[in-house]
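See structure below.
Order of the sequence lines fixes the chain letters, A, B, ..., with proteins taken first and strands second; residue numbering starts at 1 for each chain. The analysis underlying the following values was restricted to heavy atoms, covering all of them including side chains, and did not include hydrogens, waters or symmetry mates.
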Amino acid sequence: MSKRVRVRFAPSPTGGLHLGGVRTVLYNYLFARQQGGDFILRIEDTDQSRFVPGAEEYIYDTLRWCGLEPDESPLLGGGFGPYRQSERKSSYRRYAEELVKMGHAYYAFDTPEELEAKRKEFPNFQYNHDARKHLRNSLTMDELSIQELLDAGTRHVIRIRMPENQEVGFDDMIRGEVSFNTSQVDDKVLLKADNMPTYHLAVVVDDHLMQISHVFRGEEWLPSAPVHVLLWQWLFGLDHMPTWAHLPLILKPDGHGKLSKRDGDRLGFPVFAMDWTDPNTGEKTKGFKERGFLPEAFVNMLALLGWNAGTEQEIFTLQELIDAFSLERVHKGGAKFNYEKALWFNHEWIRNLPLSRYEGQVSDLFVQQGLNPGDPHRLSRIIELVKDRCHLLTDFPQQAGFFFKAPATIDLAAVSPKWSAAKNQFFVELMSIYELATSWEAEPLELGFKELAAASQIKPGELLLPFRIMLVGGKFGPGVFDIAALLGRVETISRIKSLLQLLPAV
RNA sequence: GCCGCGUUGGUCAAUCGGUUUAAGACGCGUCCCUUUCACGGACGAAUGAGGGGUUCGAUUCCCCUACGCGGUACCA
C-alpha cells in the first residue's frame, strides 16, 4: 500500500521567490530526502497574461543557491514530463470534458465583462449552485443551442458543478480533519476560454499524472481544497489522492497579514531569496543572498520558522534537518518573520562554517568596495580575526576595511580631549622602538608598548585607545596588537605618524 | 457579509491532563570579562485572549465569544 514518496514544488513564474515560497520548497525537499522519495519542480505557467521573462530562471538559481535541487524539473527532465504546464496544455481539456459528461461540470458562456458587471451590481455575487440557474451555461440552455454555440467556436469556460449541501473533508497532515460544505464554495472555472486549465484542474491532473504522493502548500490554498478533493474523487478516485499538508503562513513582523515584498522595503530587510528586478517595471527587490546571508543560515532560519525539533537545538545543517524533520511538528499558526533572529542565524553560521566556504565571497565583497584583498593567506587571518563581529558577509568590508586601506574617517573626538604632550612623546618614542623591533608579532609588540608606557609613567589604558584610533580610525575591531601585527611595520608607523599630525599641538 | 484556519512572553516557541515556581532561543535590561567594538559568562524583566463546561485535576479535551489570518478571479 505504501507508494513511492513523490512531492513537488509548483511555483508560478511571476517574479522573485520569497521566504514563504522557499520554505515550502524546503519542507518538500526535506520530506522527500528523508523518505527516500523524489522532489519535483513543476512550473505552473497557465496564466499567459502573467508571464514574466526570467522568472523561471530565477527559480532555478534560487534553488541552486539554497542547495535544494530537484530530481525532476523542466531543465532536468524526468519520466513524467513535460514539467511546464503550458507544454501540457493539450492534456487538460479531455478531463474537463469528461467531467461535463459525468455531470460534474458544465460549459459556461458568460463573458468576463458580464460577470464583472454582476459583481458590481451584487457585491457578494458568487457563481454558485444558485446563481448558475440564472446564467448562460449548459445547465440552463437546451441541448441544441449549446451545440450551436460550441460548433460556432463561441468562447466559453468549463466550470465545476459543486454539489449542494455536501460535506467534503480530508485529513490534513498538519491540521487533522478539515471539512467544508460544498454550498459555500462556488463553481470554479476549470478550463479557461483559452483552453488553459486553471490551477484547480491543473494541480489535480498533473499531480495524478506525475504520481505525486504528498502535497505541501501554503495555507492560502485551504479554502479551495474541497474543489481539489472532489476532482480527485470524480476523476481518479480518492484512494489515489495525495496526502495534503497546508503550511502556516509567514506573516509581517509588525502589523498584520502575509509577508510581502513591500514589507521588506518598508522595514529594511530582504523578503526574496535573491535580488530580483522585474523586467517589466524595472522595480528592484533585494534578496537575502546579496544582503550577505549564507545559504546554510537562510535555510536553517526558514526551517525553524514554523517547525522545531522539539529539542533545544537550533543550528542545523541540511542533513540534520533531513534527519530531524517531521510534519507533525510543524506549527499550525502563522509565524511573524523576525529579521533580528535571521541575523543571529547568519552570525552563527559565519562563526561556525569553515572559512573556505565563504572567503571567496568576502574577497569579492572587498573588491566591490574598492579594496584589494591581496594575499589569500593574510585575508584568511583577517577574516578569522573579525568574523565574531560580522552578522552578514557584507559586514566584512566595514569591519576589516582598515586592514587594506588607511581609515578614511578618524574619530578624533575619541582622543583629542585627553591628549597631552606626554602622550605625544610616548608615540614618538614608540615609533622608534617599532622601527627597530626584531619580531613583528602581536606579543612582542604589546610587550614593547607596555614597557614604554611604564617607563613613561602613563597607564597603558590611556594609550591603547589613541593607538586604536590611529590604526583603525574608530572604536571597534579586534585587539590592537593583532591589528598592528597584520598591518606590518611600515603601515603601522605611518598611521601613528599621520594621526600625530592631525592632533592639536600640545 | 459568508466560509475556513488559527490564538502560550515583543518575536520564534517546548509542553502532547498531573513533580512546572509554564523549557529554550532571538531581542531587551543589569553586571562580569574585554584598558575599543564584538564574542563569552552571570543574573533579570516578560507568556497560556475571555467565559463556560468535562475531570479528582486543565495551558493541554469540548462549546461559546473575542481577536487575528486566509479565501471568496477565465491569478496562482
Side-chain angles (χ1 to χ4, degrees), chain A residues 10-14 44-47 49-50 85 108 110-112 115-116 119 123-128 155-159 172 174-175 178-181 183-186 188-200 202-203 217-226 246 248-249 251-254 256-258 301 304-315 328-329 331-345 347-348 351 386-391 395 399 411 414 453 459-469 472 474-480 483:
Chain A
S12 172
T14 52
E44 309 228 331
D45 54 351
T46 53
D47 186 356
S49 69
R50 293 215 300 170
Q85 287 182 329
D110 323 87
T111 65
L115 295 177
E116 203 176 310
R119 278 186 257 268
N124 292 330
F125 172 78
Q126 284 210 303
Y127 208 121
N128 58 18
R155 285 179 73 84
H156 64 276
V157 300
I158 293 179
R159 285 178 181 274
D172 188 280
I174 294 173
R175 287 149 215 287
V178 181
S179 76
F180 298 81
N181 186 295
S183 295
Q184 297 301 147
V185 2
D186 56 359
K188 300 282 181 213
V189 170
L190 299 178
L191 196 77
K192 299 185 257 191
D194 65 359
N195 268 314
M196 274 289 198
T198 59
Y199 173 83
H200 306 297
V203 242
R217 60 184 359 178
E219 191 185 346
E220 68 266 32
W221 290 109
L222 206 43
S224 55
H246 290 89
L249 265 17
L251 279 10
K252 303 173 194 294
D254 66 338
H256 312 290
K258 271 199 290 189
M301 177 270 293
L304 275 283
L305 206 55
W307 170 87
N308 74 85
T311 65
E312 290 188 3
Q313 183 178 0
E314 294 207 84
I315 301 300
E328 295 73 48
R329 294 201 63 87
H331 245 255
K332 294 182 177 70
K336 287 185 185 170
F337 177 63
N338 184 185
Y339 186 58
E340 296 297 326
K341 185 90 185 225
L343 287 176
W344 175 79
F345 274 110
H347 191 199
E348 290 295 308
R351 299 206 298 152
V386 303
K387 66 178 186 180
D388 274 359
R389 281 154 249 262
C390 297
H391 283 73
D395 287 341
Q399 284 295 327
D411 186 0
K459 277 186 256 176
E462 304 267 317
L463 271 2
L464 246 15
L465 186 61
F467 191 29
R468 169 174 300 281
I469 300 298
V472 177
K475 292 196 272 189
F476 65 95
V480 261
I483 295 172

(message) Taking the P atom in each of C32(B) and G68(B), what is the distance between them to the nearest angstrom?
(response) 45 Å
(message) By the 4.0 Å heavy-atom rule, please label V178(A) as base, sugar-phosphate, or nothing.
(response) sugar-phosphate
(request) Could you state the atom-to-atom distance from CZ of R389(A) to P of U36(B) in whole Å? (result) 11 Å
(request) Write down the distance separating the C1' atoms in G51(B) and U7(B), rounded off to the nearest Å. (result) 16 Å
(request) For nucleotides U55(B) and C63(B), find the distance between their C1' atoms and express it as a whole number of Å. (result) 16 Å
(message) Working to the nearest 0.5 angstrom, can you tell me the gap between M196(A) CE and D47(A) CG?
(response) 9.0 Å
(request) Check whether any side-chain N or O of R155(A) sits under 3.5 Å from a backbone N or O of T111(A) as a donor-acceptor pair, and report yes or no. (result) no
(request) Spell out, as yes or no, whether a donor-acceptor pair under 3.5 Å connects the side chain of Q313(A) to the backbone of I315(A). (result) yes
(message) Say we look at G41(B) and G24(B): how far apart would their P atoms be, to the nearest angstrom?
(response) 14 Å
(request) Using a 4.0 Å cut-off on protein heavy atoms (strictly under), produce a 5'-to-3' string for nucleotides 70-76 of chain B with B for base contact, S for backbone-only sugar-phosphate contact, and - for none. (result) BSSSBBB
(message) Base contacts versus sugar-phosphate-only contacts with protein, heavy atoms under 4.0 Å: please encode nucleotides 8-24 of chain B as B, S and - from 5' to 3'.
(response) ---BSSSS--------S
(request) Provide the distance between the two P atoms, one in A73(B) and one in G57(B), to the nearest whole Å. (result) 49 Å
(message) Distance check, C1' atoms only: G17(B) and G48(B), in whole angstrom units.
(response) 15 Å
(request) Select one nucleotide: of C39(B), G6(B), U35(B), the one nearest the side-chain heavy atoms of L464(A). (result) U35(B)
(message) For the backbone of D388(A) and the side chain of H347(A), can you confirm whether one donor and one acceptor N or O come within less than 3.5 Å of each other?
(response) yes
(request) Provide, to the nearest angstrom, the distance between the CZ atom belonging to R468(A) and the P atom belonging to C37(B). (result) 9 Å
(request) Determine yes or no for a side-chain-to-main-chain donor-acceptor pair under 3.5 angstrom, with K192(A) supplying the side chain and T46(A) the backbone. (result) yes
(message) Using a 3.5 Å limit for the pairing distances, which stems of at least 3 consecutive Watson-Crick or G-U wobble pairs does RNA chain B take part in?
(response) B:1-7 with B:66-72, B:10-12 with B:24-26, B:28-32 with B:40-44, B:49-53 with B:61-65
(message) Can you tell me if E116(A) has over 12 outside heavy atoms packed within less than 6.0 Å of its CD?
(response) no
(message) Check whether K387(A) reaches the backbone of R351(A) with its side chain - one donor and one acceptor, N or O, closer than 3.5 Å.
(response) yes
(request) For P478(A), answer base if it contacts any base atom (sugar-phosphate contacts may also be present), sugar-phosphate if it contacts only those atoms, and nothing otherwise; contact means non-hydrogen atoms under 4.0 Å. (result) base
